[in-house]
Amino acid sequence: MDGSFRIGRLFGIPILIHFTFLLIIPLFAWIIASQITTTTDLIQGIYHVPIDTSLITAGLMPYVLGTIVSFGLFGGVLIHELAHSLIAKRNGIGINSITLLIFGGIASMEDRIPDPMVELPMALVGPLTSLLVGMVCSGLVYIVPSVIADPAVAGVLIFVFGYLGILNIILFAFNLLPAFPMDGGRVLRAWLAKRMPLHRATRIAADIGKGFAVVFGLVGIIFLSPMLLLIAFFIYIGASQETASVKYSVLLQDIRVGNIMSSPVVTVAPALPVTRVIEMMYATKHLGFPVVDHDVLLGMVTVADVHKMPSIDRDAMQVRDVMRHGVIAVAPETPVVDVLRIMGAKDIGRVLVVDKDRLVGIVTRTDILKVVELKEI
Ligand SMILES: [Zn+2]
């Protein structure tokens with residue numbers, strides 16, 4: 001993800017931090033510090049353990065504790081994501097990285113069609129790990145008084161463990177909401193996918209996720225909670241993206257570029273006048289042409305390249321003056337899903353198909369979307 005930098009490696013998985021994470025730590029620390037007495041009372045009430053507050057409230061201590069609890073929370077998020085990743089790895093799914101960001105963590109897995117038999121345990125293990133961490137922290141709350149003699153120091157430890165215990169249990173419960181792409185939504189999809197085709201299961205799970213997003217959004221507006229609005233937005237976008245990606249992966253599986261490419265390709269020579277290219281665009285309705293000289297592919301000229309030239313200059317110009325060198329080409333055997341991914345990543349609308357250095361076809365985003373539409377029937 002853009003705006004992320006690497007902080008290390010755990011179990012061979014690169015751990016990244018998104019810059020929003022650096023904003024949220026001081027914010028959380030400040031929120032925790034400013035509510036320290038209320039929270040201490042709350043923790044006392046929940047665990048039924050008396051807390052000595054003399055050290056907790058002393059001087060800058062609330063901010064120190066706020067920072068420790070914030071880092072502890074993200075440590076909990078990291079353990080949660082690691083649990084997902086380790087189960088994924090054990091099932092042969094590659095994990096590219098884990099990124100910690102404002103909402104928590106995201107484990108970036110290899111793009112593939114999800115298998116419900118693998119997804120179910122993989123989705124469940126995250127929340128269950130959070131529950132375990134929450135229970136361990138809560139257990140420490142009761143052990144501290146018998147191990148630490150100084151009541152003020154014990155108070156600090158009870159506060160930290162008690163707070164982290166509650167946060168990790170919230171993390172457990174929140175992630176189990178059946179709001180796709182949260183873990184609970186994945187569990188729901190895996191359960192549905194055993195009973196119906198994957199893309200239909202995904203759509204149902206995503207629709208339920210969007211329903212949750214709308215409810216969160218409304219509650220967020222009513223109570224003016226920016227955090228809830230952000231979560232609503234995150235769930236809505238995540239649900240939409242997952243539906244689209246699964247739809248394309250399922251409908252386009254087994255289809256190779258060679259099956260759907262347009263061939264033969266209309267090409268232009270580097271010496272062709274730009275005005276002539278524009279006429280060809282009008283005539284053929286193609287908005288880009290490969291530039292070929294004596295069977296050698298040199299590059300590509302698209303309507304965007306022509307557009308960059310002021311119209312008075314176009315008369316004197318040739319294709320070689322405006323063309324783009326270095327084109328993105330794929331082999332006919334390439335799966336169409338991969339081409340769609342390349343187009344998305346490079347923000348291009350067409351990819352050339354090259355077989356043993358010979359231009360054999362061209363495939364556009366529109367061609368692929370037409371195939372998707374046909375497959376949906
Ligand atoms: Zn999770």
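Start at 1 and go down the list; that is how both ligands and their atoms are numbered.
Remark: Ile342 engages Ile328, Val330, Lys346 in a side chain to side chain contact (heavy atoms under 4.5 Å, CB included) (not counting sequence neighbours).
The number of heavy atoms from other shown groups lying within 6.0 Å of CZ (Phe11) does not exceed 12.
Residues Leu124 and Leu192 do not share a hydrophobic cluster, clusters being chains of Ile/Leu/Val/Met/Phe/Trp/Tyr side chains in contact below 4.5 Å.
Among protein atoms, those of element N, O or S found less than 2.8 Å away from the Zn ion (ligand 1) are His80 NE2, His84 NE2, Asp183 OD1, Asp183 OD2.
Here CD1 of Ile43 is found 10.5 Å from OG1 of Thr38. Values are rounded to the nearest 0.5 Å.
Put simply, the side chain of Phe74 does not reach to within 4.5 Å of the side chain of Ile17, judged on heavy atoms.
Ring geometry for Phe159 versus Tyr163: interplanar angle over 60°, hence perpendicular rather than tilted (30 to 60°).
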